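Okay, so here's the structure we're looking at.
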Amino acid sequence: VQLQASGGGLVQAGGSLRLSCAASGRTSRSYIMGWFRQAPGKEREFVSAVTWGGGSTAYGDSVKGRFTISRDIAKDTVYLQMNSLKPEDTAVYYCAASRLLLRQSVKDYDYWGKGTLVTVSS
């Protein structure tokens, strides 16, 4: 499975961004897709995850109510809509794929894309 994340950038606090993760590979739809983020000096943190088939979702506590994950099956793409952004959301965001249902641990994800940087200014 190959993953390509995009959509990062610089935004002011309170603004919005949408990240995209394009998945490819013959078995990509058998995986659960997740987003993680890593701020400088901090551990990689779970953000959200979604199943391809039923659209079941999970969110980290710090983003609940502000971020929304979705998927476009026809495009093999997962999105992360980020609203009401805060400076503490600044991080490199990674998309990842897991065979385990909606897990929130880095170790449960098998494939990772290169990150995309999100910077939120105050």
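As the structure is a prediction and not an experimental result, all values here were calculated from the model.
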So do Leu3 and Met33 actually touch side chain to side chain, heavy atoms under 4.5 Å?
-> yes

Interatomic distance, OG1@Thr90 vs CG@Leu117, rounded to 0.5 Å, equals 8.0 Å

Identify, with sequence neighbours excluded, every residue that meets side-chain hydrogen bond (donor to acceptor under 3.5 Å, both in side chains) alongside Arg18.
-> none

Return each pair, listed once, that meets side chain to side chain donor-acceptor pair (under 3.5 Å) where at least one residue sits in residues 109-122; pairs must be two or more places apart or across chains.
-> none

Same cluster (ILVMFWY, side-chain, under 4.5 Å), Val118 and Tyr59 = yes

Please round to the nearest 0.5 Å and tell me the distance separating atom CH2 of Trp35 and atom CZ of Phe46.
-> 12.5 Å

Acceptor/donor pairs from residues 91-107 side chains to any protein atom, 3.5 angstrom cut, sequence neighbours excluded:
{"from": "Tyr93", "atom 1": "OH", "to": "Arg37", "atom 2": "NH1", "distance (Å)": "3.0"}
{"from": "Tyr93", "atom 1": "OH", "to": "Asp89", "atom 2": "O", "distance (Å)": "2.6"}
{"from": "Ser98", "atom 1": "OG", "to": "Leu100", "atom 2": "N", "distance (Å)": "2.9"}
{"from": "Ser98", "atom 1": "OG", "to": "Leu100", "atom 2": "O", "distance (Å)": "3.3"}
{"from": "Ser98", "atom 1": "OG", "to": "Asp108", "atom 2": "O", "distance (Å)": "2.7"}
{"from": "Arg99", "atom 1": "NE", "to": "Tyr31", "atom 2": "OH", "distance (Å)": "3.3"}
{"from": "Arg99", "atom 1": "NH2", "to": "Tyr31", "atom 2": "OH", "distance (Å)": "3.3"}
{"from": "Ser105", "atom 1": "OG", "to": "Lys107", "atom 2": "N", "distance (Å)": "3.4"}

ILVMFWY network linking Val63 to Val120, side-chain heavy atoms under 4.5 angstrom = yes

On a heavy-atom basis, the closest approach of Trp52 and Val78 is CH2-CG2, 3.7 Å

Take atom CD of Glu88 as the centre, draw a 6.0 Å sphere, and report whether it contains more than 12 heavy atoms from other residues, nucleotides or ligands.
-> yes

Can you sort out the partners of Asp76 under salt bridge (charged side-chain N to carboxylate O under 4.0 Å, His left out), two or more places apart, ordered by chain and number?
-> Arg29

For the student: nearest non-hydrogen atoms of Gly8 and Leu19, plus distance = N-CD2, 3.6 Å

If you group Ile, Leu, Val, Met, Phe, Trp and Tyr by side-chain heavy-atom gaps below 4.5 Å, do Ile69 and Val47 land in one group?
-> yes

Sequence neighbours excluded and cut-off under 3.5 Å, please list the side-chain donor-acceptor pairs for residues 79-86, or say none.
{"from": "Gln81", "atom 1": "NE2", "to": "Asn83", "atom 2": "OD1", "distance (Å)": "2.9"}
{"from": "Asn83", "atom 1": "OD1", "to": "Ser16", "atom 2": "OG", "distance (Å)": "2.9"}

What is the distance from atom CZ of Phe67 to atom OG1 of Thr57, rounded to the nearest 0.5 Å?
-> 14.5 Å

Partner set under side-chain hydrogen bond (donor to acceptor under 3.5 Å, both in side chains) for Lys64, not counting sequence neighbours | Asp61

Judged by modelled atom types alone, do Glu45 and Ser62 share a side-chain donor-acceptor pair under 3.5 Å?
-> yes

